[in-house]
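Read through the structure below, which is laid out as structure tokens, and then see the notes.
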Protein chains: 2
Amino acid sequence: MDEKTKSRQANTPPSPNERPTLKTIAFMTGLGITTVSRALKDAPDIGAETKERVRLVAAQVGYHPNRAGVRLRTGKTNVISLILSLEEEFIGLTSPMVVGISEILATTQYHLVITPYSARSDPLDPVRYVLDTGAADGVIISRTEPKDPRVALMMERNFPFGTHGRTELGLEHPYHDFDNERFAYDAVRMLVERGRRRIMLLHPPPFLTYHMHMRSGFERGLRDFGATSVPFNKVDLDNSLADIRVACEAAMLAPDAPDGVISGSGGGAVALVAGIEDAGLKLARDVDMVSKQSNDFLQWLRPEVITLREDFRLAGRELAKAVIARIEGQPATELQTLSFPVLQN
Amino acid sequence: MDEKTKSRQANTPPSPNERPTLKTIAFMTGLGITTVSRALKDAPDIGAETKERVRLVAAQVGYHPNRAGVRLRTGKTNVISLILSLEEEFIGLTSPMVVGISEILATTQYHLVITPYSARSDPLDPVRYVLDTGAADGVIISRTEPKDPRVALMMERNFPFGTHGRTELGLEHPYHDFDNERFAYDAVRMLVERGRRRIMLLHPPPFLTYHMHMRSGFERGLRDFGATSVPFNKVDLDNSLADIRVACEAAMLAPDAPDGVISGSGGGAVALVAGIEDAGLKLARDVDMVSKQSNDFLQWLRPEVITLREDFRLAGRELAKAVIARIEGQPATELQTLSFPVLQN
DNA sequence: CAAGCTTACTGTATCGTTACAGATTTTGAC
DNA sequence: GTCAAAATCTGTAACGATACAGTAAGCTTG
């Protein structure tokens, strides 16, 4: 074969206005496509000078690897999927999480894809979808249950994921959780410090893992600080604000009305405040309240409410880091973090 | 060539535990890969019975087209990118939009990818990124400016997108907008109906398009209903709640204090309420207030505030539909929608 | 019954990337 | 100066899908 016309992969000049590919760089540098590919990933069998030259040209032409090409060849999607309930009530909490996740992913090659599901459908559906279609390299889920079937499924398939909230499956997986046990315990303490003894808790729905945490912190607080519980089981944090409001008013007018109230979320607290005031009672005077809170609104309008902050943005950051680390093979046990309530102001 | 061993593409049985591909179905049906591909997209040159058979087998094995394969071959990403500012202040508003977008995309092949940017970086960056990398088939942006450079860029490249908010570029593109002119006009009317005459407006930052809309509705309202404006130009909706609160208190204590206040957002309203009360004034008695509001919190805690609702979830739905229609070639002029303030309760 | 048209189906090449198995040159050891 | 080892570089095939240019058989038509 003639030396001048010896076979080359990149023998046609790339058209000027198209997205540069490895071929473009190969043509410009006179190297083979494989060499360029390996140079850009700093492979040990490529010369230092060549690497430098390739990197320079790549930067010059604004080369970005084609995600579809990489994905097709390697199976790596470079996608993290956040599985999100579309119910209005929960979205407020998860949106700062999106920010936290994005902050971390922005420093990586990963894209964030929102995979939604509605209350009317099986929460397993979005997980199955990601697993079956290979839509992502890792998944983040919320609203974790003790025997969460999504967790069981992903563990079984050995698929990287992180959960916002813990499980009780005896399986080690990455999670980030807020210490709701401590939250409720501290809340009881703060109410007792203000002379309150009859305490009512607006808790999360019983099927979520953190229900147990919050309840046990609550019970422990009652024991340790000598207070009693006022039952409030008709509603939980998944009920509408209107329902919570009505239930709270009723509780406040009942014979053994509470003098202290704990709310497991900021939204619930708003409804409780309204219910308390509907009953003709006044915060700080007749009733004290401690709420978990992730935004400032409540604090501005009812500064009497004591708020312990849960940082959802941090949760997003921690979960994103954990899932990526899991994808990279780090053991799950090293990727479990807890955050603690912080007194606001 | 022996008839029995005549060449076939799908001649090796697919391994059982892998994701099914066209090859899998081709093998199972005894058809060619091309035929299966065309049968599944209901091409006219495939027999009706064959199509039925292919569809059946595809459903049976749970076939989903490999997105990377499609994307690589056709260039279609089946992705819509939502470009999102990571600032805490704005994320509250955009999160119901995510829900609306997801609702629409869930009925299609499209995935939603969140492309973030921070205040410290150029807002053009994420748009350039999507354009340069071909990361999506369409884009949704918010916080639109009259001469929005992102809009100009995408128009120039003929790239499908939708904006939350209008522009003044003389370019026709899909948008969804809330009628802020009408909002401010109605707000003035409602305040005047309550006997208020000296009205203060907490407006959006001047560089956003809807600033003009809100201002002109405000001015028109003042003229039509015979009220006057109390200047409030030290802060806008992009300032921190704390800044707004302080500025509002100062305005309330100044010689020509307003007796009516209009807030362009629910978050701002909270700060204004706090400022008013800091000044020792009382809502409804000393001052009336109209706020744009997208959640219920304000209404629960300060029912005296009159709220006109902007539906961000609807905005998300409209924008998602518009962008998809634009991708499918529908003219931009048919994809421009407006929504109107709704009195809450 | 040949020519032409339909109908139904299929193989090849390709998108951009990387794993793999060479190929070529340089270096080093003796 | 020889030969093996090390250092650099490269072509081919494949991931899964589809555009395109066919092929083959059946059906009209005169």
Side-chain angles (χ1 to χ4, degrees), chain A residues 1 3 5-12 14-15 18-27 29-54 58 61 63-78 109 133-135, chain B residues 1 3 5-12 14-15 18-27 29-54 58 61 63-78 109 133-135:
Chain A
M1 194 189 287
E3 272 197 350
T5 61
K6 81 175 180 189
S7 151
R8 277 218 168 262
Q9 291 174 290
N11 45 9
T12 32
S15 39
E18 307 229 310
R19 251 169 51 88
T21 68
L22 290 179
K23 197 167 158 184
T24 316
I25 302 174
F27 179 81
T29 54
L31 295 164
I33 294 177
T34 302
T35 312
V36 174
S37 172
R38 297 188 57 66
L40 287 173
K41 28 181 61 60
D42 202 20
D45 63 349
I46 306 293
E49 197 212 349
T50 304
K51 282 181 190 171
E52 203 43 60
R53 206 155 53 90
V54 169
V61 299
Y63 170 76
H64 298 271
N66 180 305
R67 306 193 122 232
V70 175
R71 181 165 170 175
L72 184 57
R73 179 65 241 239
T74 65
K76 185 115 203 283
T77 63
N78 286 304
Q109 283 302 306
T133 64
Chain B
M1 194 191 284
E3 273 197 348
T5 61
K6 80 174 179 189
S7 151
R8 277 215 168 265
Q9 291 174 289
N11 47 9
T12 32
S15 40
E18 307 230 309
R19 273 189 60 191
T21 69
L22 290 179
K23 196 165 157 187
T24 316
I25 302 174
F27 179 81
T29 55
L31 295 163
I33 293 176
T34 303
T35 311
V36 174
S37 172
R38 298 189 56 66
L40 286 174
K41 30 182 58 63
D42 203 19
D45 65 348
I46 305 294
E49 197 212 349
T50 304
K51 282 180 188 170
E52 203 42 62
R53 206 155 55 90
V54 168
V61 299
Y63 170 75
H64 298 272
N66 181 306
R67 307 194 121 230
V70 175
R71 182 165 171 175
L72 184 56
R73 180 64 238 242
T74 66
K76 184 115 205 284
T77 63
N78 286 303
Q109 283 301 307
T133 64

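As a basis for the values below, the full set of heavy atoms in this structure was taken, side chains included, without hydrogen atoms, waters or symmetry mates. Letters go in sequence order (proteins before strands), and every chain restarts at 1. In this text the structure is predicted, and so the values were computed from the model without any measurement.
Contact check for A/V54 versus A/I46: no side-chain heavy atoms found under the 4.5 Å cut-off. Two residues are said to be in side-chain contact when any heavy atoms from C-beta on lie closer than 4.5 Å; B/T29 and B/R53 meet this criterion. Residues B/R67 and A/T77 are not in side-chain contact: their nearest non-hydrogen atoms beyond the backbone lie 4.5 Å or more apart. Counting heavy atoms from C-beta on, the side chains of A/V70 and A/N66 never come closer than 4.5 Å.
The interatomic distance linking B/R38 (CZ) with D/dA21 (P) rounds to 13 Å, in whole Å. At whole-Å resolution of the value, CG in B/L40 and P in D/dT18 are 8 Å apart. Taking atom CD of residue B/Q109 and atom P of nucleotide D/dT18, one finds them 11 Å apart after rounding to whole Å. Between B/D45 atom CG and D/dA21 atom P there is a gap of 14 Å when expressed in whole angstrom units. Separating the CD atom of A/E49 from the P atom of C/dT26 is a distance of 14 Å, rounded to the nearest angstrom. Distance CD1 (A/I46) to C1' (C/dT25): 14 Å, rounded to an integer number of Å. D/dT8 atom C1' lies 13 Å from atom CZ of A/R53, rounded to whole Å. Rounded to whole Å, atom C1' of C/dG11 lies 14 Å from atom CG of B/L31.
At the phosphate of C/dC9, OP1 or OP2 sits under 4.0 Å from a side-chain N or O atom of B/T50.
Considering only the side chain of A/T34, C/dA19 comes nearest among C/dA19, D/dC9, D/dC20.
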Distances for protein N or O near nucleotides 14-17 of chain D N or O, under 3.5 Å:
residue: D/dC15; atom: O2; partner: A/R73; partner atom: N; Å: 3.3
residue: D/dG16; atom: N2; partner: B/G69; partner atom: O; Å: 3.2
residue: D/dA17; atom: OP1; partner: B/Y63; partner atom: OH; Å: 2.6
residue: D/dA17; atom: OP1; partner: B/N66; partner atom: N; Å: 2.9
residue: D/dA17; atom: OP2; partner: B/L22; partner atom: N; Å: 2.8

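Considering every non-hydrogen atom in both A/V61 and A/P20, the closest pair reads O-CG, 3.4 Å.
From B/K41, atom NZ reaches atom NZ of B/K51 across 12.0 Å, with rounding to the nearest 0.5 Å.
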